[in-house]
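Accompanying notes for the structure given below.
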Amino acid sequence: MTVKVNGCVIVDILPCDRLATCPGHPLPSSISGRDSPDSPVTPKGKNGAVCIPIFLPLTVLFLIGLSRSPEASVLQWPPSLPSYNQLLDPLAPVLLLGWIALHILLYHLPLGKVSEGLVLRDGTRLKYPINGFHGLCVSAALLILLMWLGAPLGYLFELLLPLAACAIAVSFLLSIYLYIRSFWAPSHALALGGNTGNPLYDFFIGRELNPRIGNFDLKYFCELRPGLIGWVVINFGMLMKEVELRGSPSLAMILVNSFQLLYVADALWNEEAVLTTMDIVHDGFGFMLVFGDLAWVPFTYGLQAAFLVVHPQTVTWLKAVFILLLNGMGYYIFRKSNSQKNQFRRDPTHPSVAGLETIATATGKRLLVSGWWGFVRHPNYLGDLLMALAWSLPCGFSHLLPFFYVIYFTVLLVHREARDERQCKAKYGLAWDAYCHRVPYRIFPYIY
Ligand code: NDP
């Protein structure tokens, strides 16, 4: 899930060039070493495009398998993968396809407003329904109804591996469909960067920019809905499994569920922000994005809840208060800094940002040097990382696995920050140097 620029969640699976989805995702350039659209694919990029579609799905299955093993040791070698039988359950494809169908239906309901995306190369603008938050609310209502009817929601725990296997299969099938249909798309509808002529690379990165079936935008749909909402539904299933096993949910499980629900709800509440992200504006829709949205985010971002089912943890009230404060602080920094920059970029004369100190750049755009963006150069990353840490702490320190997300995310954001710095330096030149001089720390004040 990497959307962004504004406050949504992003799905960067790998530190890449662009994955900024406001909600988020995996990008190719870093894999490819490609610097400009449609430049020849380097051997590094070719290898990445071949290996990653194999390596990342195996990683998802490996991590889920680990989270439910008693040892949960990421250091075990050779790493064990689930057996074929563990991946099969006829209910899984029914549930997964039903879930996707439900959200396709909700996408089409006339709820919420309709917004226009940025201007495309042919001068037109696409329309997008802003109703992802409604989709979350309807999903929550359905879950409550199912609970009331006595549905065994805890069975999601047993279904986790089969569901992940189905999500991976759907990612491959959808990516193949996207690749094939892209050959019928007009040239202005293709993504700059996904048309190198190397089939594996283009399949991986995505050829078509905004593939649509009628008004149904496949990329926009996948960015924030089935995977992101699916993530919190899976979390809730883990909570219900705990209730089945132990009679009530643990404080640790409640904290993890609440924090991640807040993150997802925030992304959907700010769904419109995804329309200006690299994912939507720049990246083709290929395997990397499809897999990130449908398999990586729902099945790896929620590992803590799956871990807690098998490895119950005691969280004292004092520790819970500390973790709550940490998550609250992270969320506050994340939301305030993203909103401040978005507001400034949309309307620098708005009263909430008009008083902030800025420096001029040769492009005509100004850079904030006070407020959140005068604190560190990426305050939004700082907030995001504080939250990521708060999601792991309820799982205790006995295992490394629950810290997978915060470790992976730190690497991703440090890499992403360096990439953004390079781009800003190229864009703003001396003005960027002045900003760096004025605000010396990148993400962590006095550390980095
Ligand atoms: P940012 O929101 O950090 O945007 C970076 C851009 O902001 C720069 O390229 C520049 O663009 C502008 N900018 C930088 N400094 C200033 C300044 N001082 N004043 C004004 N504008 C400035 O981009 P991201 O997409 O990386 O992050 C958005 C959010 O998404 C973050 O909160 C991040 O944590 C989150 N995220 C989440 C992921 C996940 O998987 N959960 C993955 C990746 C990101 P310009 O000047 O052209 O406007």
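When a ligand or atom number is given, it counts from 1 through the structure's own listing order. Just the heavy atoms: all of them, side chains too, but no hydrogens, waters or symmetry mates, feed the values below.
Backbone and side-chain nitrogen or oxygen atoms of Tyr435 are examined, and one is located within less than 3.5 angstrom of a nitrogen or oxygen of ligand 1. Among the atoms of Tyr408, none of the N or O lies under 3.5 angstrom from an N or O of ligand 1. When only interatomic distances are considered, the shortest N/O to N/O separation between Arg377 and ligand 1 does not fall below 3.5 Å. Considering both main-chain and side-chain atoms, Asp384 comes within under 3.5 Å of ligand 1 through a nitrogen or oxygen pair. At least one N or O atom of Leu368, backbone or side chain, sits closer than 3.5 Å to an N or O atom of ligand 1. Of the N or O atoms in Tyr381, one or more lie within a sub-3.5 Å distance of an N or O in ligand 1.
Side chains of Asp202 and Thr196: a donor-acceptor N/O pair is present below 3.5 angstrom, by distance only. Remark: the Ser250 side chain and the Gln313 side chain contain no N/O donor-acceptor pair separated by less than 3.5 Å.
Within ligand 1, the atoms closer than 4.0 Å to a non-hydrogen atom of Cys424 are 8 (C), 9 (O), 10 (C), numbered from 1 in the order shown. Every atom of ligand 1 is numbered from 1 in the order shown, and the set under 4.0 Å from a heavy atom of Tyr428 is 45 (P), 46 (O), 47 (O). Interface of Asp420 with ligand 1, defined as ligand atoms under 4.0 Å from a residue heavy atom, comprises 5 (C), 6 (C), 8 (C), 9 (O). Short contacts between ligand 1 and Tyr405, defined as distances under 4.0 Å to a heavy atom of the residue, involve ligand atoms 41 (N). Of all atoms in ligand 1, numbered sequentially from 1 with element shown, those under 4.0 Å from a heavy atom of Phe334 are 32 (O).
Looking only at distances, a side-chain donor or acceptor of Ser392 sits under 3.5 Å from a matching main-chain atom of Pro402. Without hydrogens or angle criteria, Asp217 side chain to Arg212 main chain gives no donor-acceptor distance under 3.5 Å.
Counting heavy atoms under 4.0 Å from ligand 1, residue Trp372 does not touch it at all. Contacts with ligand 1 closer than 4.0 Å are made by no heavy atom of Val439, backbone or side chain. At a heavy-atom cutoff of 4.0 Å, ligand 1 is contacted by no atom of Ser337, backbone or side chain. With a 4.0 Å cut-off on non-hydrogen atoms, Tyr263 touches ligand 1 through its side chain and not its backbone. Contacts between Leu367 and ligand 1 below 4.0 angstrom, taking non-hydrogen atoms only, involve backbone and side chain alike. Looking at Asn380 against ligand 1, both its backbone and its side chain come within 4.0 Å, counting heavy atoms. The proximity of Gln423 to ligand 1, defined as any non-hydrogen pair under 4.0 Å, does not occur for either the backbone or the side chain.
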- Take Glu271 and Arg225, measure what side-chain contact (heavy atoms from CB on, under 4.5 Å) needs, and give me the verdict at the end. CA-CA 10 Å; Glu271 188 181 24; Arg225 291 152 192 251; 2.7 Å; yes
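Trp391 and Phe409 have their aromatic ring centers separated by at least 6.0 angstrom.
Identified under the salt bridge (Lys or Arg N to Asp or Glu O under 4.0 Å) test for residues 436-445, with sequence neighbours left out: Glu357-Arg438, Glu417-Arg442.
Of the listed residues (Phe375, Tyr435, Tyr446, Tyr381), just one forms a ring pair (Phe, Tyr, Trp, His ring centres under 6.0 Å) with Tyr441, and that residue is Tyr446.
Residue contact check for ligand 1: Glu417 places no non-hydrogen atom closer than 4.0 Å to it. Remark: distances from the non-hydrogen atoms of Trp296 to ligand 1 are all 4.0 Å or more. Note on ligand 1: Arg345 sits in its first shell, one or more heavy atoms being nearer than 4.0 Å.
In this structure, the ring-ring contact (aromatic ring centres under 6.0 Å, His included) partners of His103, at least two apart in sequence or on a different chain, are Trp99.
Counting heavy atoms of neighbouring residues, nucleotides and ligands inside a 6.0 Å radius, atom CG of Asp347 exceeds 12 of them. Within a 6.0 Å sphere centred on CZ of Phe444, heavy atoms belonging to other residues, nucleotides or ligands number more than 12.
Note: Tyr408 and Phe404 have parallel aromatic rings, judged against thresholds of 30 and 60 degrees for the angle between ring planes.
Looking only at side-chain heavy atoms (C-beta outward), Asn210 and Lys219 come within less than 4.5 Å of each other.
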